[in-house]
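A short worksheet on the structure shown next.
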Amino acid sequence: MSYRSGLIFALAASTAAFAAKCTPKPKVVDPTVSGTPQVLGIVTDPSLNRDSCNSVKFQNRVLWTCRDTQPVGLDGKPTLPIWDTSASWTDLDADGNPAVQPLSNGTNALLMYGANDARQPFFPLLPGECNDNSAGMCPDGTRYALWHDTAPMVASGADGGVLTAYTWVRKSHIKGDFSTDDPDPATTLYKMTYDPNSGHDALPSVSVVDENFWLYGGLPYGAYGNVVKDGIAYLYGKPSNNNIVLAKVPIGSVEDKSQYQYWVNGAWTSTMPSLADSASANIPNVSAGGQGTYYFSDAWNSYVWIGQAGISVSADFFITTAPSPEGPWAQPKQFYSGENGNFMFGAYSLQAHPELVTGGKNEIYLTYTKNDVIDDNVAVYSTPLIKVQWQ
Ligand SMILES: *[C@@H]1O[C@H](CO)[C@@H](O)[C@H](O)[C@H]1NC(C)=O
Ligand SMILES: *[C@@H]1O[C@H](CO)[C@@H](O)[C@H](O)[C@H]1NC(C)=O
């Protein structure tokens, strides 16, 4: 049994050459770290071993969604079953900051909680996805790894009442070595519904809007990242050819494909590009090529992406910024390196957590999956929480 299953390898980026356009230069944000970033502790539910968590604010607390999840046994080692995805809550303190507190063993932690007793994937495996087991393991040794790359996108109820949110997940069907015969699978749109009266530990309910929202062999808009600004959802996708593409839709019309527009050849169009055409839709420098997080920074009045390089198992965080979601994006630059784990996949799933920043402060929280061997070649995950102050 391998415990390294949460990793997604991005393939070598082949960025399409883009003709330079003669547009006036916008105000350039030059992100510069102030002082030394602070490792605040770990984000953990001590009863669970899991990787690749991202997070979003659901009203007055924070929902985290993670990939492979396992119970931790009495000996501190992960046990079975594995389930494909899980979710948990964390609390904010009275000032709106993440409620980091010391555990009885002295380690500082942002404690995750919530009803994961069913040990079933938060984003359900569907018929045809080897859903007779919680890991999506198929009899032929392949696996449906429905590993989301992004945090849920809140569509309504952000401030109260029933909240709805969406996540796009590629129907990844992988072999034991993480390779796949289906590099561009269909993308499933999941919807989360959260009633704040449903109890302290209750997790949002999850339903399937459309198993094949984006068709097999097409572009996975929304699976790579999302940012919502002024009522418009901007949805990034990264197919197997590593072109990074962008769609937009009014936040109230996420389920209605006729309302989408696509960024192609430097303009918005209602005609979706094909995978073969996607070089004309690629946005230069919109990320460093790997997993990460898009958000809007009020302090900078700028769109931001923070994440990892395309082929990376190191906690090397890159940033790029742009005055609008479609760019122009600055060349990504590295701004922080966290401690890598000592397992061969030492660090991955680098994320930013803008929802943990209060009061327009010019700072950002980061996490990543750190993977360490404890003994008998058993690797365990941890999620360091880091606070970065910008100049
Ligand atoms: C303290 O407990 C937490 C939760 O079980 C664990 O992740 C952490 O590694 C422990 N710290 C030490 C120093 O053993
Ligand atoms: C994007 O990055 C490349 C180098 O990787 C650089 O040559 C180019 O000028 C950048 N584009 C923009 C729009 O800044």
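One-based numbering, in listed order, for ligands and for the atoms of each. Only a predicted model underlies this, so the values are computations on that prediction, with no experimental measurement involved.
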Handout entry: Subset of ligand 1 atoms that lie under 4.0 Å from at least one heavy atom of P46
Key = 4 (C), 5 (O)
Problem - Test item: side-chain donor near acceptor, T164 and S156, under 3.5 Å - result: yes
Handout entry: Ionic contact status for K77 with D376, cut-off 4.0 Å
Key = yes
Practice task
Could you establish whether T44 and ligand 1 come within less than 4.0 Å of each other, counting only heavy atoms on the residue side?
Solution key: no
Practice task
Identify which one of T85, T167, N54 satisfies the side-chain hydrogen bond (donor to acceptor under 3.5 Å, both in side chains) criterion when paired with T65.
Solution key: N54
Handout entry: Salt bridge present between R67 and D149 (N-O < 4.0 angstrom)
Key = yes
Practice task
Could you tell me which atoms of ligand 1, counted from 1 in the order shown, lie closer than 4.0 angstrom to a heavy atom of L103?
Solution key: 2 (O), 3 (C), 4 (C)
Handout entry: Check: Y294 ring centre within less than 6.0 Å of Y236 ring centre
Key = yes
Problem - Atoms in ligand 1 with a heavy atom of I42 nearer than 4.0 Å - result: 7 (O)
Practice task
Output the list of atoms in ligand 1 that are nearer than 4.0 Å to some heavy atom of N105, sorted by atom number.
Solution key: 1 (C), 2 (O), 3 (C), 8 (C), 10 (C), 11 (N), 12 (C), 14 (O)
Practice task
Give the residue, atom name and distance (to 0.1 Å) of the protein heavy atom nearest atom 11 (N) of ligand 1.
Solution key: T107 OG1, 2.7 Å
Exercise for the section: Step through it carefully: locate the ring centre of W390, locate the ring centre of F335, and say whether they are under 6.0 Å apart. Expected result: yes
Problem - Protein non-hydrogen atom below 4.0 angstrom of atom 5 (O) of ligand 1 present - result: yes
